[in-house]
Amino acid sequence: CNFLMTLVNARAAFETAILDAVNDSDPTVIVVFDNTPFSSPGKNKKYVMVNLDFNQSTIQNQGSATTYYSGTIRCAVMTPSNKGTATAAEISELVITGLTSVNASTYTDTFSVSPRVTEISGPSSVVTEDQSHFMSVINCDFTANA
């Protein structure tokens with residue numbers, strides 16, 4: 001089924017963009033996706049948890065429906081607590097670079113889904129008591145189509 005493969009490709013386009021941007025600059029940061037098994041790294045580890053949710057799968061033009069995806073990407077940047085925000089800011093910049101890379105005119109669309117992101121919000125700090133990590137959240141909406 002081509003429809004299913006395109007959902008997979010749309011997700012892969014954004015995941016790859018984020019993973020490449022982070023790993024190219026700081027290979028010590030672990031990038032975890034919502035569709036893969038995960039156990040919390042130690043309290044001294046830096047990691048990014050990426051959630052990708054589809055809100056829409058087709059657009060109804062005149063005639064038959066066309067494949068068109070839209071949704072939200074949420075990235076939680078996790079850095080060791082009580083170490084200041086500089087590391088979180090640096091990793092957040094890498095995530096934002098990855099997200100916006102799909103919009104660049106030089107982007108190579110190897111997944112054939114025309115991925116795009118819109119405005120990015122964050123990083124917003126999420127402060128909780130007695131946590132091993134400081135969390136900064138980045139959100140953006142995306143579109144992709146076949």
Side-chain angles (χ1 to χ4, degrees), residues 1-81 85 87-128 131-146:
C1 176
N2 195 20
F3 185 67
L4 178 63
M5 200 57 186
T6 308
L7 277 169
V8 171
N9 287 355
R11 173 181 283 277
F14 295 108
E15 289 179 351
T16 301
I18 295 165
L19 186 63
D20 287 353
V22 173
N23 283 344
D24 288 351
S25 293
D26 190 346
T28 67
V29 177
I30 301 162
V31 180
V32 181
F33 300 101
D34 56 358
N35 59 347
T36 56
F38 169 69
S39 57
S40 226
K43 64 182 181 178
N44 295 319
K45 299 286 186 188
K46 303 172 287 189
Y47 62 102
V48 179
M49 294 180 0
V50 179
N51 290 352
L52 191 145
D53 294 309
F54 289 93
N55 302 334
Q56 180 177 345
S57 295
T58 64
I59 193 165
Q60 189 67 44
N61 297 319
Q62 300 297 321
S64 63
T66 305
T67 302
Y68 176 85
Y69 304 118
S70 67
T72 305
I73 300 170
R74 178 178 182 267
C75 301
V77 176
M78 309 296 285
T79 54
S81 285
T85 59
T87 302
E90 290 166 8
I91 297 169
S92 294
E93 285 287 343
L94 298 177
V95 170
I96 292 167
T97 297
L99 288 168
T100 58
S101 71
V102 301
N103 291 2
S105 61
T106 55
Y107 176 73
T108 304
D109 186 11
T110 57
F111 298 97
S112 303
V113 292
S114 305
R116 294 286 178 268
V117 296
T118 59
E119 291 80 13
I120 295 174
S121 62
S124 304
S125 301
V126 179
V127 181
T128 53
Q131 291 294 313
S132 62
H133 286 79
F134 173 76
M135 182 165 74
S136 299
V137 178
I138 299 163
N139 287 299
C140 75
D141 292 330
F142 72 85
T143 62
N145 54 349

TODO: Step by step, work out the ring pair (Phe, Tyr, Trp, His ring centres under 6.0 Å) result for Tyr69 and Phe14.
DONE: CA-CA 12 Å; Tyr69 304 118; Phe14 295 108; over 10 Å; no
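Between Tyr107 and Ala13, the shortest heavy-atom contact is OH-CB, 3.9 Å. Across Val126 and Val137, no two heavy atoms sit closer than the pair CG2-CG2, 3.6 Å. Of all non-hydrogen atoms in Val117 and Thr100, the two that sit nearest each other are CG2-CA, 4.1 Å. The two residues Asn145 and Thr67 have their closest heavy-atom pair at CB-O, 3.4 Å. The two residues Val50 and Ile18 make their nearest non-hydrogen contact at CG1-CD1, 4.0 Å. Listed here is the closest heavy atom pair of Ser132 and Lys43: CB-CB, 3.7 Å.
You'll find the side chain of Val48 stays beyond 4.5 Å of the side chain of Leu94, heavy atoms only. Looking at heavy atoms from C-beta onward, Val102 lies out of side-chain contact with Phe142 at the 4.5 angstrom threshold. In this structure the side chain of Pro123 never reaches within 4.5 angstrom of the side chain of Val77, judged on heavy atoms. Taking 4.5 Å as the limit, every side-chain heavy atom of Phe33 sits out of range of all side-chain heavy atoms of Leu52.
The side chain to side chain contact (heavy atoms under 4.5 Å, CB included) search around Asn55 returns Ser70, Thr72, not counting sequence neighbours.
Using bins of under 30°, 30° to 60° and over 60° for the plane-to-plane angle, the ring pair Phe38/Tyr47 lands in the tilted bin.
Atom NE2 of His133 sits about 9.5 Å away from atom NZ of Lys45, to the nearest 0.5 Å. Remark: Cys75 SG to Ile91 CD1 distance equals 12.0 Å, nearest 0.5 Å. In this structure, Ile96 CD1 and Ser121 OG are separated by 9.0 Å, a value rounded to the nearest 0.5 Å. Going from atom SG of Cys140 over to atom CZ of Arg74 covers 12.5 Å, rounded to the nearest 0.5 Å. In this structure, the separation between CD on Glu15 and CG on Asp34 is 7.0 Å, given to the nearest 0.5 Å.
The number of heavy-atom neighbours closer than 6.0 Å to CD of Glu119, taken from other residues, nucleotides and ligands shown, is 12 or below.
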Please list, one pair per line, the donor and acceptor atoms closer than 3.5 Å that link side chains of residues 21-31 to other protein atoms, with sequence neighbours excluded.
residue, atom, partner, partner atom, Å
Asp26, OD1, Thr28, N, 3.1
Asp26, OD1, Thr28, OG1, 2.4
Asp26, OD2, Lys46, NZ, 3.2
Thr28, OG1, Lys46, NZ, 2.9

